[in-house]
S.K.: 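Questions regarding the structure given below will be posed in turn.
Values in this document were obtained by computation on a predicted structure and should not be read as measured data. The figures here come from the full heavy-atom set of this structure, side chains too, leaving out hydrogens, waters and symmetry mates. Residue numbers start from 1 in every chain, and the chains themselves are labelled A, B, ... in the order their sequence lines are given, proteins ahead of strands.
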Amino acid sequence: MLLKNLLEHIGLEPGRLHFSWISSAEAAKFVEVANEVNQVVEELGPARFLVKRKARVA
Amino acid sequence: MLHYTEKIREIAGRLLKQGVVDVFIGYRKGSVPMMNNPLLIRDPGSTDLLYWDSNCALNLCNYLTGRKDRIGIVATGCVSRNIVTHIVENQISRSQLYVVGIPCTGMISHRAVIRAVGGREIIEFEEQGERFLVRGRDFEEIFEKNDFLQSNCAVCRYPNPVLYDEMLGERVPGYEGDDVYRDVEKVEQMSSEDRRGFFSRMISRCIRCYACRDACPLCYCPTCFVDESRPQWVGKSIDPVDTMTFHLLRAFHCAGRCTDCGACERACPMGIPVRQFTKKLNKDVQELFSWEAGLGLEQRPPLDVYRQDDYDGFIR
Amino acid sequence: MTAYRVYSKEEWTSAVKALESHYQVFVPVKDGDFHLFGLLSEGKRPDFDFQNTHLSPKSIVYPQSERMFEYSLDGEDPDAHMLKEAPKDFSPRAIVGIRPCDALAFQRVRVNFDTPRYRDPWWVSRFESTTFVGLGCNAPEATCFCTSVGGGPFSEAGLDVLLYDLGDRFLAKVLTSKGDGLLKKALGGMEADGTLVRQAESLALKVTEAMPAVVPVDGLKDKSVLELFEAPFWEDVAFGCINCGTCTYLCPTCWCFDIQDEVLGKSGDRIRNWDSCMFPLFTLHGSGHNPRGGKVARVRQRFMHKLKYYLDKYNEGVQCSGCGRCVRSCPANIDIRQVAELMNSL
Amino acid sequence: MITFKLNGREVQGEEGEYILEVAERYGVEIPTLCHHKALEPAGACRLCTVELFDGRRTRFVTACNYPIWEGMEVYTDTDEVRRGRKLIVELLLARCPEVPIIRRLAEDYGIEEPRFKKDEDDCILCGLCTRICERMGNGAISLAGRGVGLKVTTPFEIQSDLCMACGACVSVCPTGHIKLEEITKHTVKPIPSEYDMGLRGRKPIYVPYAQAVPNTPVIDRDTCMHFRTGECKICVQSCSAGAIDHAQQDEAIELRVGAIILAPGFQAFDPGRYEAYGYAENPNIVTSMEFERLLSASGPTMGHLVRPSDGKEPRRIAWVQCVGSRDVHRCDNAYCSSVCCMYAVKQAVIAKEHAGGELDCAIFYMDMRTHGKDFERYYNDARDKHGVRFIRSRIPAIETVKETGELLVPYVNEKERVVEERFDLVVLSVGLETAAEVVELAKKLGVQLTEGRFCKTDPFRPVATSREGIFVCGAFQGPKDIPQSVIEAGSAAAEAGALLSEGRNSLTLTREEPQERDCRGERLRVGVFVCRCGINIAGVVDVEAVRDYAASLPHVEYVADNLYTCSQDTQESLTEVIKEKNLNRIVVAACTPKTHEALFQETMANAGLNKYLFEMANIRNQDSWVHQEDPEAATAKAKDLVRMAVAKVTLLEPLREAELEVNQKALVVGGGVAGMTAARALSAQGYEVCLVERAQSLGGQARNLYRMWTGENIQERLEELIEAVQGDENIRVHLETELGNVEGFVGNFRTTLICRGKEEVVEHGIAVIATGAQELKPKEYLYGEDSRVVTHLELDRMFMNDESALRGIKRAVFIQCVGSREPERPYCSRVCCTHSIESALHLKELNPDMDVYILYRDIRTYGEREYLYRKARLAGILFIPFSLERKPRVSLGQGALKIDIWDPLLCQDIVMNSDLLVLAAAIVPYGDQKLARMFKVPLNEDGFFVEAHAKLGPSEFATDGVYLCGMAHYPKPIDESVAQAQAAVSRAVTLLARQKIKTSGTVAEVNPLYCSSCGVCVEVCPYKAPTMREQGPFAGKAEVNPVLCKGCGICVASCRSGAMSLKGFGNDQIMAMIAHM
């Protein structure tokens, strides 16, 4: 929670970071969560914040 | 707080002479105005070097880590809280320490003072009770200390040491307002995008000197994550993402342990308000775990323990 | 070569502006609480009313992080597994308003990057494409000690032009043909007469003589390295040090760097970054051993390098230009002037 | 081997094969309508016509039945061929213009409208149906008629007896022409799946359910056509493993055994007998067992909740409780089935979760019996958080609304008025009963039954039947839930084990473990084995491509693909390959490590490799199963997974497993019934026991109890038990003793006992915690203020002392749930209802004229305890319910105890005077934090110990070597305490009997150079594996005891300094996988 709050505080879009607790017996939940995360993240589009591509240096 | 100096010298002399401690850690008057120099003495004869005023803001707890001898140390509220954390985290044992407690009326922000004189060079600083005087080449000004406190000191709820063997004076009142986290709340109210901009701009000046980390008594790992190479968690260039990653992780490693002593912010040569990161965590830790760091030897920081009723609303 | 031109302050501002079409022009700009060098082309307003920039202009020639090479690990790429030099910009640049101490610093550093045997192509190319327009110090700070280390508030070492601030105008002393060329590209100004030159010279003399701190470094040359190395004071000197990189990163004469590879997928960059002798990774061996493993050894290394090793190796003074930045900004108040005194009087 | 050319490419086939088969194998598609690989080809549809060049000339043949020959040249897709096929399709389209498969073909061949006159048929006369019928050995249909009159029909066109309604014809018909109903006289219905309660069909060859053990298909002889006609055997042809043998016979095996354990279970009550409920008529009335399948993700609707009648989502569901339980009118099951209340609550909550907020769930009950551990909390949540409605009313009948399939449920509401509610679905909470054949079996075995036809047992030996050496467990012992069944299973195993303990280990076979090769310093040689898993993987993923790709990866020395990598023969060849190629790292790309890792690791060990040099890539569960619709992406993903696994495996290092001796002594903490029983059971299995009791004498709470609900005298039995314990040579009893400290871990505990200030250290391999619980001292109802207000135990004491005053009492009142099921103690104390009724009956025995009232919230006389409830009512004891909101009020009035209570039946307050008020005080745990910390075992929020798994591990802790029984686990009666004590012992013996245990090699380790001594690891580890080194060069740094470490990784995640790593999951290994992703 602290991490999520901090990340979102410094500007990570809500919905970029998810937490879930899925036991190995909860296949349906896994699918559900995976799809949901997928959907939310797709709506957000590609991540830019905190993603390093090529170092921005001289 | 100047008047503490004599008492510190006297106590240090006594402790060293009686062999209660092997070394005594305090401050020496600095060679530059509003900058004091941490000092360790062994000889009861050199206690005159010890000095105390409202510019002793580098956290002395830093100098305790891993010491094996018996140590006398002066400690304000926040330093004592860090000493508590140090003891809880096995960095020093209580029995090695003789803590000389300082009821603290706050440290002066040298940056604010310089700003107040329009960036002109200050050559002399003199503390006079609740006021202080600064003198430059062609000016002289007297200020109220309370107007120039470091921002963490201005909202300090624990100015008195929480652990000590001897106190230097009467306890002083702590801050009682309920807006300790007003600065964090202000940022919280911004939009996600604005916050992103706010923090990106904030750290754009960072030169990756790690003064904030090195001034922090919580940062005592033998190898810091920024120095690890297998894997290399964070790049070493001044790439903005790497810089942000560094600040983020540094702050997170302090989650639930930070006493908001302000050493990081004071140490930053670029004047970056790095406490914006840790203070958000402090606020959340207080809200989620009702916890403030370093108040007692009995409990470990909240991220070290699991409790059934830990907040889990974020887990799906 | 010596010629003088005089500019009213407004004139000078537009003269600098005129340089923009020929150079990347770096000028002191106010940024929050302090001054820094900024690019004119980025819309920065020059502000010549400053003591010194908070950060030294070292990065203009020697960036804190610099991409040296690029490479590809993709077998399909015809240039796979080859280091290719990263594109670089060596176009002419001018640092206008550099303090004499910082100009001196480039000279002190040059012995490292530009030697008969080794030449750092990037440092040298940038250095050579740079024109240094100095601004003499009318009011050195209490922490300045350039005169003690071979410089002075109006020292001309390393400069192409030296400006004197004469209150309402600048007197520009042309020192090199490079400087001459620059002033020719600048607009305005006029030939200065002898009165102004004399006024400037007397100002320089007065200020130089009034320099407050004298830091003794005269005895260092004759001291034994080993004795200094084993001197008893290092532990006390180092005690307060928190091993941050402030002193070395602010220092105009610190030059150490570290080379890092950054790989993303199948492409990689070889980047060099400033290093600092304060850091644990500095001189860390592959074996895990570090000859300067602890705080005391690191602090000693910094001072020994600046004040002894450099002196012994190059015989060109100490590796310090007396700018005082480390003294002012050290969070723990470690003061090189006091250390120099300790070393000098051992 | 015959070589010929197919579309110009050289191909090979076996003698006797037809063109179509070979083409299929080489991936060349030839359209056909009448071909089935199990049947002889007929060349009926002509669609598979191809061009054949025999060296001299070209001709057209049907590929399905033209045998291949050396040197021939076949072209499957020339213009000529296409033209010919187009004509065939056009003709077919004219005949069957509406059949989808023909329309698709027409589209493929660019035909919009046939030029011929259109017909309205849907049979293309391909003859598949008749051929398959023949193959089934029936010949119930054939092609009859001639020329244009040719058609598929039955003999004489009448529905026939010959047809067995097997449905084979329907299954092969490409057009949907065949209607089984028209052919057969038999009713046509799918073979009901037993697992899905008949809600879904299954095949004659089937795996009973996905998790069945063994997970191999069986042939149902009753429906298999081969067993019915002697023909078919298609399965033999299709099984590439050659596993099918129709000749197998049942075998009678005679075993000589020392003990028998009966665990035949129960059968669900069949509500078809209740006409009033209309179960047999209305498909929307289902039993709870059927509903369970409807809710299940593996069920017929994949967990999507719909009504069976029309597939609509129900909006309102009702549960009707006690169907076939607590009922002597419509059936003979007077007992309570114990489990139905809880499962109904669970089903209602899950149904709501599945359906979202819209669903209304109502449960009609008589008494809500949620007496299990944590059940009451669940019940409260169901009501308060999920909004499940609970209505106390017995439902007399259910009516169907014909038009809508809705159901009308009439009931009596709280105002005593009959009302009716409509539901879309009604679930009958059917009870448990003993099957008739089990009753037969019992008779055969000479085992006595109770009046409810459950196995008769003794409370102090709850799993011993009336016949020596025969034990019972599970629902045959009495209706019960899973935790209690699992406990009894352990209990029965302990009883049997005690009989057989002398023979322990005499039949064990020990396996020779080959010498492990030291492969340090060797060049990396990775073997990659890609599994086809039959068609599970290969049906989607291009296994050969993945295999070839693996061969291109660095360090890979050997690759292979297997049909079933897990099969016995593959294991053998794997062992050979490892040895032959000197492989030193293995990757298996197959299914889940959860089920198969251990098998492959064992194979590696057999080949002399350290078993930790192994990595699995799950290309089935995580790939072929989830990306069926996109084989290309699935193949790419399989390559990714293999590449990652190879990247990781190259960085793996051999790990060691520590082996430790198990101390053969046991410690039992607590000298009550549970503790003593555990001690006796351990002793009976031949182990030494140290029994610790803090009181001055043995016996615990049982000392305060008068009679069992079955009437036995407890004190007599307790004395026998105490004597047996004291006389047992294997048991050392420590009275007035408490635990000072516990060190060590499973197999090697060192416990300090403190007895009157003196300390003694005992070493033991396991510990059983049986510290019990105690009766609450109530703070209400004038308890402690008036001597006539007593608790159960106090009343029992009066019974035992045979106090004559009791006989003079005119009126006695019992109040239930005193301190239980209250907000501050939200659990049911389980035993009080039975205890109150038993005491009330005893009062009636003492003085039949006494008025006895029991004021209750729900009477929870579960199982056969229900008889006692009935007996009490017959004996004239009066029961008045109350709710938590309207609790009885007790005051003093004119020398008597005055009790006010709202009677919901009369809808008014009743005031009664009483001479005796008995409070059913709650059972409260000791909440022994110190003990919990010493053994690193958890307490729940109520203060009871938390077992390893509520259902599957009820008598043990998650901490190895520590076991749990009795009331320290949860309030329970003596018989259940005894069972759990024996269960705990049986779990303990599985460990003790091994004498040596191996720990996992996957443990955490510390890099002391990185350790900052902060102690987070010590703090967070639930198993106390990390400690701070006390001496040596790294004194003050953390270290991990590999024996204690469970490899959970929590320390690794918590370590700020990066000093902790989990072997086999190190930073470099995981980063390598990420880098290769």
S.K.: Do B/Phe252 and D/Arg1056 make a side-chain contact, defined as non-hydrogen atoms from C-beta onward lying under 4.5 Å apart?
M.R.: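 They are not in side-chain contact.
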
S.K.: Going from CG on B/Asp304 to OG on D/Ser1054, what distance comes out if it is rounded to the nearest 0.5 angstrom?
M.R.: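 These two atoms lie 7.5 Å from each other.
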
S.K.: Any idea which heavy atoms bring D/Glu1019 and B/Val305 closest together, and the distance?
M.R.: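 Taking every non-hydrogen atom into account, OE2-CG1, 3.5 Å.
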
S.K.: Which atoms of D/Cys1017 are under 4.5 Å from chain B, going by heavy atoms: the side chain, the backbone, both sets, or neither?
M.R.: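 It is neither, since no heavy atom gets under 4.5 Å.
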
S.K.: To the closest 0.5 Å, what do you measure between SG (D/Cys1014) and NE2 (B/His253)?
M.R.: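 Between D/Cys1014 SG and B/His253 NE2, I get 10.5 Å after rounding to 0.5 Å.
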
S.K.: Quick one: what part of D/Ile1050 sits under 4.5 Å from any heavy atom of chain B, side chain, backbone, both or neither?
M.R.: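 Neither the backbone nor the side chain of D/Ile1050 comes within 4.5 Å of chain B.
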
S.K.: State which residue, out of D/Asp1068, D/Asn1067, D/Ile1070, fulfils the side chain to side chain contact (heavy atoms under 4.5 Å, CB included) condition with B/Pro231.
M.R.: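 Among the candidates, only D/Asn1067 passes.
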
S.K.: Checking heavy atoms, do the side chain of D/Ser1013, its backbone, both or neither come under 4.5 Å from chain B?
M.R.: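 For D/Ser1013, the contact with chain B is made by backbone and side chain together.
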
S.K.: Is the number of heavy atoms from other residues, nucleotides or ligands within 6.0 Å of CD (D/Glu653) greater than 12?
M.R.: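 Counting neighbours around CD of D/Glu653, 12 or fewer heavy atoms of other residues, nucleotides or ligands fall under 6.0 Å, so no.
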
S.K.: Just checking D/Glu822: does its CD atom have more than 12 heavy atoms from other residues, nucleotides or ligands closer to it than 6.0 angstrom?
M.R.: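 Counting other residues, nucleotides and ligands, CD of D/Glu822 exceeds 12 neighbours.
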
S.K.: Do D/Lys1037 and B/Pro222 have side-chain heavy atoms sitting under 4.5 Å apart?
M.R.: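 Yes; the side chains approach each other to less than 4.5 Å.
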
S.K.: Over all heavy atoms of both residues, which pair between D/Ser1012 and B/Cys221 is shortest? Give the atoms and the distance, please.
M.R.: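 So the minimum-distance heavy-atom pair works out to CB-CA, 3.8 Å.
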
S.K.: Measure B/Tyr220 against the heavy atoms of chain D and call it side chain, backbone, both or neither at under 4.5 Å.
M.R.: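 It is both, since atoms from each part get that close.
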
S.K.: Quick check: are there more than 12 heavy atoms from other residues, nucleotides or ligands sitting under 6.0 Å from OH of B/Tyr164?
M.R.: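 Count not over threshold, so no.
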
